2 protein chains.
Amino acid sequence: MSTDPPGHDLPLRLLLGFRVLVDGVHAELARRGHPELRPVHGFVLQAVGPSGATAVELGRRLGVTKQAAAKHIEFLQDRGYLERATDPRDARRKPVRLTGRAFDSLRISAAAFDELRAGWARTLGEQRLRALEADLRAVTPGAAFRLDLPGWFAGG
Amino acid sequence: MSTDPPGHDLPLRLLLGFRVLVDGVHAELARRGHPELRPVHGFVLQAVGPSGATAVELGRRLGVTKQAAAKHIEFLQDRGYLERATDPRDARRKPVRLTGRAFDSLRISAAAFDELRAGWARTLGEQRLRALEADLRAVTPGAAFRLDLPGWFAGG
DNA sequence: ACACGATGGACAACCAGGTTCACTATTTGT
DNA sequence: ACAAATAGTGAACCTGGTTGTCCATCGTGT
């Protein structure tokens with residue numbers, strides 16, 4: 001009797017929205033000197049954070065194994081986004097830190113996300129956009145971001 | 001001067017929302033006799049559709065190569081979700097059709113997505129949810145679903 | 001002081017999913 | 001009739017995830 005829209009439209013739109021925003025940011029990143037960065041790398045750099053992280057910590061934050069985290073570290077270190085440090089208190093730990101280049105990319109990302117959001121605000125109105133954000137927060141868990149998109153999606 | 005929320009929250013919430021819905025549907029699918037189906041498979045079955053498809057057509061609909069599509073076909077055929085047919089007009093084509101098992105899984109998925117949507121409607125109110133759907137449609141392209149999530153995200 | 005368990009890092013093997021390249025069979029069009 | 005386009009298949013390769021294994025280092029309890 002109700003004429004509710006079909007439920008399958010919602011997940012599609014959510015994913016599409018995610019892709020639109022992330023693609024927009026990475027187009028800007030590519031323009032501004034970071035063409036090698038893929039969506040996944042932004043999340044990794046974000047997870048490393050200003051205080052750095054070890055492979056184990058990074059894996060925990062991202063919801064993947066330490067080995068998977070180590071592969072990302074190697075990739076980003078090779079390209080100048082991370083640098084290794086040592087921990088004088090614990091010779092086992094080999095924390096990585098963000099380089100200037102990494103901070104530069106994070107600044108560009110943040111600005112691009114803000115600009116994209118402003119575009120949505122122009123389309124929807126700030127009021128509606130805030131409602132959208134609030135509603136999404138209400139129906140999603142507060143949980144941290146999980147990096148295992150490929151495996152989750154396709155079944156690793 | 002404005003105190004706009006940071007733009008980076010939006011993509012996270014969109015992705016989280018997608019995951020919540022898809023995880024919910026697949027939990028239900030697993031309970032109802034389809035534990036092997038991964039998120040990606042739902043999209044493949046949807047893309048095959050009631051009228052069937054060949055590997056080339058499927059690849060086009062999903063935005064991946066025909067070889068990638070063929071791998072999905074092989075997987076789903078082995079598990080009884082797809083069956084091969086022949087085209088008497090063109091011996092090159094080997095279209096696949098959905099089996100009864102596939103239709104069963106699609107019915108379960110549709111019902112689960114509707115139920116999940118109803119849950120969101122209970123939380124947000126039907127009004128707000130419709131606004132959310134309309135707003136998402138307004139800021140996302142009408143484009144079809146692209147299957148290349150793993151490669152897109154991590155850089156294949 | 002020392003042995004033992006826990007922790008961090010690294011390496012190898014494996015699987016999934018995507019890609020490109022190459023090849024065969026069939027159809028279509030000139 | 002023959003050449004170009006199309007459908008399917010297989011192989012090699014890349015990435016990113018996993019598990020399993022091993023070694024070095026730290027912390028703890030006896």
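Bear in mind that the values here come from a model prediction, so they are computed numbers and not experimental data. Side chains included, hydrogens not; waters and symmetry mates left out as well; all remaining heavy atoms used. Naming: A, B, ... by sequence-line order, numbering from 1 per chain.
One interatomic measurement links the two molecules: NZ of B/K71 to P of C/dT19, which rounds to 9 Å at whole-angstrom precision. Remark: P of D/dG8 and CD of B/E74 are 14 Å apart, rounded to the nearest angstrom. Atom CD1 of B/I73 is separated from atom P of D/dG8 by 7 Å (rounded to the nearest Å). Taking atom CD on B/Q77 and atom C1' on D/dG8, their separation rounds to 13 Å, with Å as the unit. The distance between atom CZ of A/R38 and atom P of D/dG16, rounded to the nearest whole Å, is 9 Å. In this structure, B/F43 places its CZ atom 16 Å from C1' of C/dG17, rounding to the nearest Å.
An OP1 or OP2 oxygen of C/dG18 is reached within less than 4.0 angstrom by a side-chain nitrogen or oxygen of B/H72.
Non-hydrogen atoms lying under 4.0 Å from DNA chain D are contributed by nothing in residues 52-60 of chain A. Taking a 4.0 Å limit (strictly below) on heavy-atom distances, residues 78-98 of chain B reaches DNA chain D at B/R84, B/R92, B/R93, B/K94.
Side chain to side chain, B/R93 and B/T54 fail the donor-acceptor criterion of an N or O pair below 3.5 Å.
Looking at B/Q67, its side chain has no donor and acceptor atom pair within 3.5 Å of the base of D/dG8.
Take B/H8 and apply the side chain to side chain contact (heavy atoms under 4.5 Å, CB included) test, not counting sequence neighbours, and it matches A/F113, B/P6.
With rounding to the nearest 0.5 Å, the separation of CZ in B/R128 from OG1 in B/T123 is 12.0 Å.
Taking a cutoff of 4.0 Å between a charged side-chain nitrogen and a carboxylate oxygen, B/K71 and B/E74 do not qualify as a salt bridge.
Looking only at side-chain heavy atoms (C-beta outward), B/L58 and B/V44 come within less than 4.5 Å of each other.
The shortest heavy-atom contact between A/G17 and B/L14 is C-CD1, 3.6 Å. The heavy-atom pair separating A/P11 from B/V22 by the smallest distance is CB-CG2, 4.5 Å. Of all heavy-atom pairs between A/I108 and A/H34, the closest is CD1-CD2, 3.7 Å. For the pair A/Y81 and A/R101, the tightest heavy-atom approach, listed with the atom from each and the gap, is OH-NH2, 3.1 Å.
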